[in-house]
There are 4 protein chains.
Amino acid sequence: MSRPMRADARRNRERILAAAGAVFAEGGPDASTEEVARRAGVAAGTVFRHFPTKADLLRALMKELLEQVTAEAATLATEGDPATALFEFFRSLVRRTADNRTVVGMLAVPLDQPIASLTDVVATLLTRAQQAGAVDPGVRADEVMALLTSACQGALQGGWDAGLRDRTCEIMLRGLKPAKGPKESR
Amino acid sequence: MSRPMRADARRNRERILAAAGAVFAEGGPDASTEEVARRAGVAAGTVFRHFPTKADLLRALMKELLEQVTAEAATLATEGDPATALFEFFRSLVRRTADNRTVVGMLAVPLDQPIASLTDVVATLLTRAQQAGAVDPGVRADEVMALLTSACQGALQGGWDAGLRDRTCEIMLRGLKPAKGPKESR
Amino acid sequence: MSRPMRADARRNRERILAAAGAVFAEGGPDASTEEVARRAGVAAGTVFRHFPTKADLLRALMKELLEQVTAEAATLATEGDPATALFEFFRSLVRRTADNRTVVGMLAVPLDQPIASLTDVVATLLTRAQQAGAVDPGVRADEVMALLTSACQGALQGGWDAGLRDRTCEIMLRGLKPAKGPKESR
Amino acid sequence: MSRPMRADARRNRERILAAAGAVFAEGGPDASTEEVARRAGVAAGTVFRHFPTKADLLRALMKELLEQVTAEAATLATEGDPATALFEFFRSLVRRTADNRTVVGMLAVPLDQPIASLTDVVATLLTRAQQAGAVDPGVRADEVMALLTSACQGALQGGWDAGLRDRTCEIMLRGLKPAKGPKESR
DNA sequence: TATGAATGAGCCTTCATTCAT
DNA sequence: CATGAATGAAGGCTCATTCAT
């Protein structure tokens with residue numbers, strides 16, 4: 001079996017991922033690999049040793065982000081207030097996206113397996129919210145995902161300020177609420 | 001002042017814009033200028049005579065699209081049913097975007113003046129909808145614009161099918177409705 | 001239909017082919033395209049405008065050579081002495097190869113159609129030589145081609161002097177002669 | 001003088017040469033050094049410790065091959081039938097080449113000393129064959145070497161089938177026979 | 001001494017832009 | 001003015017070679 005990666009290699013791998021995170025966050029997926037290398041303080045070849053292809057690098061980056069995000073969602077699903085956890089997660093993800101073009105790609109790219117994981121957790125959050133009467137029972141998980149994607153894209157491209165971003169989120173979330181107000185009267 | 005453009009020059013300009021519309025709609029902003037020229041039936045140099053820079057071409061294209069869209073909105077503002085015109089416009093724009101990678105950029109790019117025009121019309125639509133009790137009075141025009149941007153971006157990137165696209169739109173629009181159901185004025 | 005190439009373009013195309021001829025003759029097919037450009041006095045992009053791929057360039061080069069060679073053979077087939085034309089052609093091709101790594105590739109590469117043409121002419125030369133009693137009737141055209149390829153390769157790689165080259169050719173040619181001396185006694 | 005190589009070092013050296021033999025036989029001299037290392041089960045650095053340069057590795061490989069081939073020829077010179085040994089050797093070497101892109105380089109590369117050895121043995125084979133009346137007395141050793149080189153190159157590049165290869169060899173060998181049929185001494 | 005990660009030059013190719021025709 | 005060829009700066013990627021571990 002392959003031995004655990006050498007210490008310096010692991011360190012470089014991480015520096016590259018971090019640099020890539022920054023570079024692609026700023027410049028989108030067309031940013032250059034050389035720039036990533038430069039920012040990571042390594043030579044171009046090193047990037048390619050770790051990620052044989054630019055696409056591989058992007059994929060790895062997105063996978064990492066997705067895993068973080070999914071973990072965050074999972075925590076909320078376990079420990080959060082069912083009635084609000086989904087909304088919290090939504091706001092949090094959108095907020096984070098505002099500075100990171102990568103998150104967006106992540107939600108739209110061929111990372112089928114990891115995306116499925118996120119969708120699963122979101123589905124859980126959704127079900128709980130519906131059981132708590134906070135979300136309309138007619139809403140489906142793919143719709144929530146679509147809403148998330150949209151909000152993130154918007155947050156990214158729009159150059160919105162924090163206020164606008166939050167208020168826009170709230171409108172979307174309001175759209176999820178039960179048609180005639182929460183079931184448990186009020 | 002520059003003389004009025006010669007007839008053939010004007011015709012070329014338009015053919016180029018049309019071609020660019022098609023090409024960038026298909027291939028996104030990374031599509032090549034040569035391809036635009038080819039599709040317009042002119043030589044590369046001609047494209048650059050009319051648009052000194054690729055960015056200029058994109059900007060012109062977006063401006064044109066924006067103007068069309070704004071006109072459409074204006075018509076709805078004048079002739080449509082106040083209670084539904086905003087929603088119609090929203091759905092229509094999003095639907096159109098799904099096949100056009102250019103529209104998206106349009107809503108996010110430094111075209112301050114034309115964007116302001118669209119925002120104005122949208123504001124009109126919004127006000128009327130609010131007066132008709134179809135939209136919550138607390139909603140602001142920039143929020144509607146943000147929602148539009150998001151929905152268009154999402155529709156573009158997500159690879160959604162028409163059904164999902166429409167349902168996602170509806171959720172957003174529901175979020176715009178008055179807090180306690182329609183008509184319960186202020 | 002496409003217009004005849006512009007004068008300067010045609011000139012460049014030819015300079016590139018000439019340069020490529022020299023460069024690949026010296027350095028083999030691994031020589032760099034940039035070097036070709038440099039030697040042709042054009043920028044790298046120009047090479048690629050004319051030959052979209054390095055492989056295309058090589059193919060064009062070989063095709064050109066092949067056509068020259070085939071023409072030469074055809075002339076010999078028409079005007080030469082049947083008894084010696086094949087031998088002349090053989091010697092001539094090998095001699096030419098001694099300074100040109102390209103000829104060699106040409107005889108071994110996927111240029112199926114042009115190679116077939118050469119094989120055809122060689123077959124003609126062969127048949128005539130056999131009818132004239134200068135070559136053994138058992139010899140087949142593919143064998144002559146194989147002999148040619150071998151001799152060219154050898155001449156190229158061996159670093160032979162002209163004398164050795166010629167003498168080696170003679171041995172091969174002797175191998176083609178009728179088993180018991182020319183049919184027409186002596 | 002440098003100390004005798006450590007046992008494991010010597011073993012590595014041999015494994016590398018073996019791997020290089022396989023790799024370059026398959027992929028030609030452009031095959032990568034890393035691939036050699038991988039196939040030898042060592043790290044890249046180890047290859048370079050033993051052979052400071054890729055060229056050195058190739059040279060060593062060819063030297064080894066040459067020595068094997070020379071040994072084979074020497075055996076034939078000692079034990080074989082003088083009248084046929086040269087021909088056997090010729091056929092054997094060509095056949096072997098057909099699957100080994102390295103052999104070819106071997107006959108054409110600056111390995112002066114080892115090549116000289118092979119030439120010597122070939123000269124012996126030749127002399128005996130001439131004394132036995134199987135080869136024309138006018139033939140010289142450098143011509144036989146040139147023939148060998150040609151045939152090997154051809155066998156390699158041509159993509160010939162075994163039949164064509166063998167028939168082509170026979171033609172070359174026929175060219176070596178005495179001018180007026182065998183045995184008709186001098 | 002072996003390892004295998006890092007280096008960095010070089011290759012092929014693309015494309016926005018310029019300029020001779 | 002239009003044409004389309006030429007330019008030249010990147011970009012992604014490979015690989016021989018070096019060097020820290």
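Values reported hereafter were calculated over all heavy atoms of this structure, with side chains retained and with hydrogens, waters and symmetry mates removed. In the text below, chain A, chain B and the rest are named by the order of the sequence lines, each starting its count at 1.
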Next on the checklist: For the CD atom of A:Glu14 and the CD1 atom of A:Ile16, what is their distance to the nearest 0.5 Å?
Outcome noted: 10.5 Å
Checklist entry - Roughly how far, to the nearest 0.5 Å, is CG of D:Leu118 from CD of D:Glu67? => result 11.0 Å
How many whole angstroms separate atom [atom1] of [X] from atom [atom2] of [N]?
X	N	atom1	atom2	value
A:Arg6	F:dT21	CZ	P	8 Å
B:Arg15	F:dA2	CZ	C1'	12 Å
A:Ile16	E:dT7	CD1	P	9 Å
A:Leu58	F:dC13	CG	P	10 Å
B:Arg13	F:dA2	CZ	P	12 Å

Please determine if a side-chain N or O atom of [X] lies less than 4.0 Å away from the OP1 or OP2 oxygen of [N].
X	N	result
D:Asn12	E:dA2	yes
D:Thr46	E:dT3	yes
A:His50	E:dA6	yes

Checklist entry - The side chain of D:Arg49 lies closest to which of these nucleotides: F:dA2, E:dT1, E:dA6? => result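 When the side chain of D:Arg49 is considered, E:dT1 is the closest of F:dA2, E:dT1, E:dA6.
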Checklist entry - Using purine N1 to pyrimidine N3 plus N6-O4 or O6-N4 for Watson-Crick, or N1-O2 and O6-N3 for G-U wobble, both under 3.5 Å, which nucleotide pairs with F:dA9? => result E:dT14
Next on the checklist: Suppose we define a pair by two distances each less than 3.5 Å, Watson-Crick or G-U wobble; what does E:dT21 pair with here?
Outcome noted: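 Paired with E:dT21, as far as the under-3.5 Å criterion goes, is F:dA2.
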Checklist entry - Does the side chain to side chain contact (heavy atoms under 4.5 Å, CB included) test come out yes or no for A:Thr33 and A:Phe51, once each step is laid out? => result CA-CA 10 Å; A:Thr33 306; A:Phe51 307 96; over 6 Å; no
Item to check | C:Asp8 and C:Arg11 ion-paired at < 4.0 Å | outcome: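 Not counted as a salt bridge, because no side-chain N and carboxylate O are separated by less than 4.0 Å.
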Item to check | Full working for side chain to side chain contact (heavy atoms under 4.5 Å, CB included) between C:Lys63 and C:Arg59 | outcome: CA-CA 6 Å; C:Lys63 185 152 173 270; C:Arg59 228 173 295 137; over 6 Å; no
Checklist entry - Should A:Glu26 and A:Arg39 be marked as a side chain to side chain contact (heavy atoms under 4.5 Å, CB included) after you check the CA-CA gap, both sets of side-chain angles, and the distance that decides it? => result CA-CA 13 Å; A:Glu26 279 174 28; A:Arg39 191 112 45 126; 3.4 Å; yes
Checklist entry - Any donor-acceptor pair under 3.5 Å linking the side chain of B:Thr53 with the backbone of B:Ala55? => result no
Sub-3.5 Å pairs of nitrogen or oxygen atoms, protein against nucleotides 11-14 of chain E:
residue: E:dC12; atom: OP1; partner: C:Thr33; partner atom: OG1; Å: 3.4
residue: E:dC12; atom: OP1; partner: C:Lys54; partner atom: NZ; Å: 2.7
residue: E:dC12; atom: OP2; partner: C:Thr33; partner atom: N; Å: 3.0
residue: E:dT13; atom: OP2; partner: C:Lys54; partner atom: N; Å: 2.8

